[in-house]
Undergrad: 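Attaching a single structure in structure tokens format; questions to follow.
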Amino acid sequence: MKTITVRYFAIFRERAGCAEETLTLHVATAGDVFRETRLRHGSAEPTGHCKVAINDAMADWDSPVDDGDTVLLFPPVAGG
Amino acid sequence: MTAILCCCFLRSRVADMMRMTTHAIEPDALRKALFDPAAGAYCGFEGWVRDENEGHKVLRLEYEAYEPLAISECEKILAEARDRYECRQAQCVHRTGMLEIGDCAVWVGVVAAHRDEAFRACRYIIDELKVRLPIWKKEHYVDGHSGWVNCERCAAHTQAAS
């Protein structure tokens with residue numbers, strides 16, 4: 001089990017009802033964290049439309065997460 | 001050797017720059033700040049808030065960004081544009097917060113020796129930043145509803161397909 005701080009943005013934050021939460025999860029990758037939080041908060045966006053960062057660096061869904069990491073979950077972007 | 005030193009000196013003056021702001025973007029001032037005697041072309045892009053999207057009358061837009069990564073990712077895009085298209089300078093400013101119809105949400109400015117490089121670099125930057133920067137916008141509609149652009153339909157499609 002790993003202690004992961006998860007940060008939510010935009011529609012993910014609204015669904016989660018918080019901007020950040022610390023979870024104890026059985027996860028290996030950023031994608032695992034995303035799937036766990038989707039189950040908790042009912043999001044349905046596929047990973048292909050979303051982005052992830054680990055400790056303030058852009059990452060991939062198969063990037064490994066370590067105990068104590070902060071995972072930032074970005075819903076589909078719409079800048080410009 | 002002289003040429004190399006000169007080139008390095010000029011490059012060091014050319015700072016790529018991305019800035020996020022909650023205040024009104026003023027493209028005229030930004031354009032003037034890009035003046036460069038070696039540039040024969042300036043190309044600018046302004047993204048404005050419009051009053052309609054996909055059949056919905058829009059009242060205002062609310063932009064949210066994760067600024068540390070929006071800035072670092074945009075700096076990468078600006079550097080890519082400079083390298084690919086040999087533009088002398090490329091800058092971007094993006095608004096966050098609540099914007100009204102007609103407000104400038106994003107400005108991109110590029111100067112280059114010739115127009116082709118300036119056009120192409122500017123197009124590259126706005127196209128890339130729209131899909132790469134962690135920035136989101138929520139549309140507030142005239143009918144009182146609101147929705148996150150690219151999110152609501154994305155989730156609906158996935159749920160319908162599952």
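These numbers come from the heavy atoms of this one structure, side chains and all, not from hydrogens, waters or symmetry mates. Every value quoted in this text rests on a predicted model; they were computed, and no experiment measured them. Below, read A as the first sequence line, B as the second, and so on, with proteins coming before strands; counting in each chain starts at 1.
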Undergrad: Tell me, out of B/Glu73, B/His94, B/Glu62, who's got the most heavy-atom pairs with chain A below 4.5 Å.
TA: B/His94
Undergrad: Between B/Lys32 and B/Asp28 (salt bridge meaning N to carboxylate O under 4.0 Å), is one present in this structure?
TA: no
Undergrad: Pick whichever of B/Ala105, B/Pro134, B/Gly47 has the most heavy-atom pairs under 4.5 Å with chain A.
TA: B/Pro134
Undergrad: Given A/Val33, which of A/Val52, A/Val71, A/Leu23 fulfils the side-chain contact (heavy atoms from CB on, under 4.5 Å) condition?
TA: A/Val71
Undergrad: Hey, are B/Arg132 and B/Glu128 close enough for a salt bridge, meaning a charged N less than 4.0 Å from a carboxylate O?
TA: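 A salt bridge links B/Arg132 with B/Glu128.
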Undergrad: Can you tell which part of B/Val108 gets under 4.5 Å to a heavy atom of chain A, answering side chain, backbone, both or neither?
TA: neither
Undergrad: What distance do A/Leu73 atom CG and A/Phe12 atom CZ have between them, rounded to the nearest 0.5 Å?
TA: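 Rounded to the nearest 0.5 Å, the CG-CZ separation comes to 6.5 Å.
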Undergrad: Is A/Arg13 in contact with chain B via its backbone, its side chain, both, or neither, using a 4.5 Å heavy-atom distance?
TA: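 The side chain, not the backbone.
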Undergrad: Taking NZ, NE, NH1 and NH2 as the nitrogens, is one of them in B/Lys57 or B/Asp51 under 4.0 Å from a carboxylate oxygen of the other?
TA: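 The answer is yes: the pair qualifies as a salt bridge.
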Undergrad: Please classify the contact between B/Leu69 and chain A as side chain, backbone, both or neither, with a heavy-atom cut-off of under 4.5 Å.
TA: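 Side chain of B/Leu69 only, per the 4.5 Å heavy-atom cut-off to chain A.
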